[in-house]
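One structure is given here, and the rest of the page talks about it.
Residue numbers start from 1 in every chain, and the chains themselves are labelled A, B, ... in the order their sequence lines are given, proteins ahead of strands.
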2 protein chains.
Amino acid sequence: MPSHLARRFHQICLGATAEVLEPAGLTPGEFGLLAAVQDLPDLEQRGLARALGIDAVTAGHMIDRLEAAGLLQRRVDPSDRRARLLSATAQGAVLRERLRPAALEAQERIMAALTSEERHTFLDLLTRIVETNQSYARPGNGRRHPRRSRAPGKE
Amino acid sequence: MPSHLARRFHQICLGATAEVLEPAGLTPGEFGLLAAVQDLPDLEQRGLARALGIDAVTAGHMIDRLEAAGLLQRRVDPSDRRARLLSATAQGAVLRERLRPAALEAQERIMAALTSEERHTFLDLLTRIVETNQSYARPGNGRRHPRRSRAPGKE
DNA sequence: TATTGTTATACTCTATAACTATA
DNA sequence: TATAGTTATAGAGTATAACAATA
């Protein structure tokens, strides 16, 4: 039961934010990543992915799209030339600020059924649930790939 | 902020249930559909999809897989031969009962941080949020496809 | 050897569009 | 005309595996 409610709740949040982000051509995930890059600047990709609870490959793809759109940029970390430090461009910062009010309004619409005290309680409880289950950073709807070891030659 | 929490919460629920469902070869979505078919028997595909908040195409694909696995079956509705009525097979019913305790335990583990009173409050508030936002049955992470009208001949 | 990021591949879930069979 | 279901196609998000560059 909670699982189904979790899915619907997420679905509702996605739908409501996708709606207001659509004119700007951003998905909710992309907007979240852009916002995170501004709030936690000069983080490398893996650190950002960890902070958002997404895997490094997905983060890489999202960053590709945001970089191509001119909203953020990668910079080689001078102290570890494998890592890429992320920062929003001026354009990205402006867009984020422009979209922020509508995104907040969308969230408030979703919570409109609750009094402000209930909202506070709800977010507090939800935060505790999420924080005590950090180990499930691994999402993944998909069936696990059965690792069919296709190392060439080794067979 | 609620949006991010919603995503993590859903992610946690998926991870926890996927874990216990994995040995049976079911995804959380498939298990949810199988359970729904048992709880709402002889519903047509579209009605079931609506009840679950998923679209009819996805439901069709999931049903394909569950039918191929011998867990449920389609039956042509005699009163409307377009519709397919769904029901679990004996095998599907047994599997659902077998998996149910582990699935419930997984959910309880997730809520372990809350007292039973807090759990009740949380689920009540979450239920109200979901119920007052039924209109967002349309999930969709994806960017809307820009309908590039490829009707043949009409160009 | 281990880690950061990338590329290739695969799969779920979602979507739109076009189709078939029915109503 | 409209609806139930299917098939084809596409994109987001996730995953694993293998690789190059760097540590």
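Comparing C/dT14, D/dG5, C/dT4 by their nearest atom to the side chain of B/Ile54 picks out C/dT14. For B/Asp55, taking side-chain heavy atoms from C-beta onward, the closest of the listed nucleotides D/dT14, C/dG5, C/dA15 is C/dA15. Taking every side-chain heavy atom of A/Met62 into account, D/dG13 is the closest of D/dG13, C/dT14, D/dA4. Closest to the side chain of B/Ala83, out of D/dT14, D/dG5, D/dT7, is D/dG5. The side chain of B/Glu44 lies closest to D/dA4, out of D/dA4, D/dA17, C/dG5.
In this structure, CG of B/Leu52 is placed 11 Å from P of C/dC13, rounded to the nearest angstrom. D/dT14 atom P lies 11 Å from atom NE2 of B/His10, rounded to whole Å. The distance from atom CG of B/Leu85 to atom C1' of C/dT22 is 14 Å, rounded to the nearest whole Å. Rounded to an integer number of Å, the gap from B/Arg8 CZ to D/dT14 P is 10 Å. One interatomic measurement links the two molecules: CD1 of B/Ile63 to C1' of D/dT7, which rounds to 15 Å at whole-angstrom precision. Rounded to whole Å, the distance from CG on A/Asp80 to P on D/dA20 is 19 Å. Per the geometry, CG belonging to B/Leu21 stands 14 Å off C1' belonging to C/dT12, to the nearest Å. Atom NE2 in A/His61 sits roughly 9 Å away from atom C1' in C/dA8 (whole-Å rounding).
Nucleic acid contact for A/Arg81: sugar-phosphate only, since backbone atoms but no base atoms lie under 4.0 Å from a heavy atom of the residue. Backbone-only contact: B/Arg84 has heavy atoms under 4.0 Å from sugar-phosphate atoms and none from a base. Heavy atoms of A/Asp77 sit nowhere under 4.0 angstrom from any nucleic acid atom.
Checked by atom type and distance alone, the side chain of A/Arg96 never pairs as donor or acceptor with a backbone atom of A/Leu71 at under 3.5 Å. Here the side chain of B/Glu30 pairs no donor or acceptor atom with the backbone of B/Arg65 at under 3.5 angstrom.
For D/dG13, one of the phosphate oxygens OP1 or OP2 lies less than 4.0 angstrom from a side-chain nitrogen or oxygen of A/Thr27. Between B/Gln11 and D/dG13 there is no side-chain polar atom (N or O) within less than 4.0 angstrom of OP1 or OP2. For the pair A/Arg65 and D/dG13, the criterion of a side-chain N or O lying under 4.0 Å from OP1 or OP2 is met. At C/dA2, none of the side-chain N or O atoms of A/Arg46 fall inside 4.0 Å of OP1 or OP2 (strictly under the cut-off).
Taking the six-membered ring where tryptophan is involved, the planes of B/His10 and A/His10 are tilted, since the angle between them lies from 30° to 60°.
Counting heavy-atom neighbours within 6.0 Å of A/Glu117 CD, excluding the residue itself, gives a total of 12 or less.
In this structure, B/Glu97 pairs ionically with B/Arg100, as a charged nitrogen and a carboxylate oxygen lie closer than 4.0 Å.
The closest side-chain heavy-atom distance from B/Arg7 to A/Ile54 is below 4.5 Å.
Toward the 5' end of DNA chain C, the nearer of the two residues A/Arg82 and A/Asp64, judged by each one's closest nucleotide, is A/Arg82.
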